[in-house]
K.L.:
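One structure, pasted below without further comment.
Everything numeric here is computed off the predicted structure, so don't read it as measured data. Naming: A, B, ... by sequence-line order, numbering from 1 per chain.
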Amino acid sequence: MPLRFYNTLTQQVQPFVPVEPNVVRMYTCGPTVYDYAHIGNFRTFVFYDLLRRVLRLNGLKLDHVMNITDVDDKIIRNAVAQGKSLADYTNLYTQAFLDDCATLRLERPERLARATEHIPEMATAIRKLEESGHTYRSDGSVYFRISTFPGYGKLSHNDFEGMVAGARVDVDSYDKTDARDFALWKAPKPGEPSWDTEIGSGRPGWHIECSVMAIEFLGATLDIHAGGVDLIFPHHENEIAQAEALTGKPFANYWLHSEFLLVDGQKMSKSLGNFYTLRDLCGELGHAPEAIRYLLASAPYRKSLNFTMDSLRSAATAIDRLRNFKLRLESAKFDDGRNTKIVDAGEEAVRTFYHALNDDLNTAEALAAIFEFVRETNIAMDEGQFFSGNREGALNVLRDFDSFFDVLKPTAPAGGLPDAEIDRLVAERTAAKKARDFARSDRIRAELLEQGVILEDTKDGVRWKRK
RNA sequence: GGCGCGGUAGCCAAGUGGUAAGGCCAGGGUCUGCAAAACCCUUAUUCGUCGGUUCGAUUCCGACCCGCGCCUCCA
């Protein structure tokens with residue numbers, strides 16, 4: 001199946017065709033680095049990662065830009081409150097964000113763009129918008145006049161016609177002339193950071209940052225612009241207005257939006273206080289990053305996903321099942337031969353897997369295909385119908401799975417026994433067991449368990465894994 | 001009020017105009033010195049409610065009920 005996505009702009013699932021064959025110019029809205037990101041935020045960042053992977057699976061080369069908003073009201077407020085410079089304050093959370101992304105195995109975009117490093121370009125864009133009559137000034141701030149952009153509302157499918165027609169344009173007013181008008185440039189305030197630019201002193205509004213950096217790096221028309229659904233209005237709507245007023249060209253061909261992570265049926269958010277950071281979950285609560293990644297990836301991105309500790313444990317168990325399967329494939333002894341039914345099942349699973357991913361990233365269906373294969377193959381192994389010639393093919397199914405989901409490799413524990421030491425203890429226990437010294441063998445088993453190592457006695461011998 | 005999303009088993013969650021994927025939990029079993037682990041099996045006559053179209057609807061249409069989100073910053 002050719003790759004296809006649901007496009008918020010057209011409200012339809014459409015085949016994905018980049019402007020330039022084989023290359024995808026993509027812009028995704030990144031974090032505002034005023035605090036640690038919570039896992040609701042990371043649902044969207046995981047979505048970007050999956051999006052990148054599915055595009056590459058389709059042979060497309062990526063040119064992906066993600067912004068880091070390192071200047072905004074909250075950042076300024078917090079930095080001032082802590083007596084820190086803007087840079088000191090934002091560097092801390094930028095690094096934390098990047099570390100968290102690495103923990104969740106998120107691929108790095110080709111480019112990360114920090115807003116404060118592109119202020120002159122923003123000023124130039126605003127000047128051009130002023131020259132073409134899309135703006136007005138008020139108290140040193142510059143506002144975008146949405147009545148000058150007829151397409152306003154086309155992304156969020158809001159009809160602002162009546163409002164715009166009825167708006168009285170009062171050039172001399174110091175207020176916004178229309179409730180929907182938004183700030184491109186904010187006047188400097190005492191005690192707050194500001195930049196001297198060709199349009200005067202001040203700092204950029206949030207929306208202009210994305211439009212300008214996207215155009216700067218990727219050109220007037222993007223293939224994909226993505227973000228969370230809460231950004232559709234007003235952020236992305238405003239981005240379109242600015243960018244298209246500036247270039248006269250469509251800003252993005254495909255708009256992709258991920259749904260929220262919910263807690264007890266409500267949006268996870270800082271303001272509601274119902275959030276967990278990655279550090280909360282992986283630190284004191286002891287959850288594995290892979291489980292979080294799996295959970296966030298397991299439901300299709302356009303469906304809101306209810307987060308519970310149960311679902312997180314459930315994700316961890318599901319990963320265990322896959323790891324056990326892999327371990328069994330690698331360690332069990334099989335008779336010579338090859339079962340073509342298993343070969344066919346593997347091919348079918350992989351086919352269904354990719355088919356589902358190409359269908360607007362249907363990760364739930366993709367997972368189902370893999371688990372079905374796992375069950376079929378386990379049964380074959382139980383019945384002695386799985387042979388050495390099947391091993392490689394079955395492992396390849398898992399490799400395909402993991403090149404996308406990326407959860408099979410356990411995150412290395414800090415400290416812990418080295419492999420060689422574990423092997424030694426296992427051998428010691430096996431010897432004790434053979435001598436029917438069960439007290440001793442049980443003691444070694446318990447010791448290893450305490451160190452987070454689980455032993456499994458199988459008919460082909462003992463194997464171990466880390467918890 | 002406008003716009004958008006959703007209501008499928010105990011929980012999470014796919015899906016199709018032809019009779020309900022998958023994961024977790026639970027129960028049962030295989031294996032085992034005992035365990036643990038692992039593996040297997042079982043678990044929705046039913047898809048928010050009521051109408052309509054149809055040979056047939058969970059799937060299409062209409063109405064209604066409920067939940068959530070955006071409309072101010074927000075992934």
K.L.:
Between A:Asn41 and B:A75, is there a side-chain N or O to OP1/OP2 distance below 4.0 Å?
P.N.:
yes
K.L.:
Picking from B:U72, B:C68, B:C3, which would you name as closest to the side chain of A:Asn158?
P.N.:
B:C3
K.L.:
Taking the side chain of A:Ser441 as its heavy atoms from C-beta onward, which of B:G22, B:G33, B:A14 lies nearest to it?
P.N.:
B:G33
K.L.:
Select base, sugar-phosphate, or nothing to describe what A:Ile370 touches, counting heavy atoms under 4.0 Å on all strands.
P.N.:
nothing
K.L.:
Using Watson-Crick or G-U wobble geometry with both distances under 3.5 Å, which nucleotide pairs with B:A21?
P.N.:
none
K.L.:
From the options B:C24, B:G15, B:A75, select the nucleotide whose nearest atom is closest to the side chain of A:Ser314.
P.N.:
B:C24
K.L.:
Below 4.0 angstrom, N of the basic side chain to O of the carboxylate: do A:Lys409 and A:Glu290 qualify?
P.N.:
no
K.L.:
Consider the side chain of A:Lys303, meaning its heavy atoms from C-beta on, and name the nucleotide among B:G7, B:G33, B:C39 that approaches it most closely.
P.N.:
B:G7
K.L.:
Consider the side chain of A:Arg445, meaning its heavy atoms from C-beta on, and name the nucleotide among B:G15, B:G69, B:C34 that approaches it most closely.
P.N.:
B:C34
K.L.:
Is a side-chain N or O of A:Asp139 found less than 3.5 angstrom from the main chain of A:Ala187, in a donor-acceptor match?
P.N.:
no
K.L.:
Students often get this wrong, so: under 4.0 angstrom with heavy atoms, is A:Phe233 touching a base, only sugar-phosphate, or nothing?
P.N.:
sugar-phosphate
K.L.:
Quick check on B:A38: is either OP1 or OP2 less than 4.0 Å from any side-chain nitrogen or oxygen of A:Asn324?
P.N.:
yes
K.L.:
B:C73, B:G33, B:A13: which one has an atom nearest the side-chain heavy atoms of A:Lys74?
P.N.:
B:C73
K.L.:
Would you indicate what A:Asp442 reaches in the nucleic acid, counting non-hydrogen atoms under 4.0 angstrom: base, sugar-phosphate, or nothing?
P.N.:
base
K.L.:
Below 4.0 angstrom, N of the basic side chain to O of the carboxylate: do A:Arg443 and A:Asp437 qualify?
P.N.:
no
K.L.:
Strictly by Watson-Crick or wobble contacts shorter than 3.5 Å, is anything paired with B:C70, and which nucleotide is it?
P.N.:
B:G2
K.L.:
Check each of A:Asp100, A:Asp402, A:Asp49 against A:Arg293 using the salt bridge (charged side-chain N to carboxylate O under 4.0 Å, His left out) test, and report the only one that passes.
P.N.:
A:Asp49
K.L.:
Mind checking A:Asp457 for me? I need base, sugar-phosphate or nothing, with any heavy atom below 4.0 Å counting as a touch.
P.N.:
base
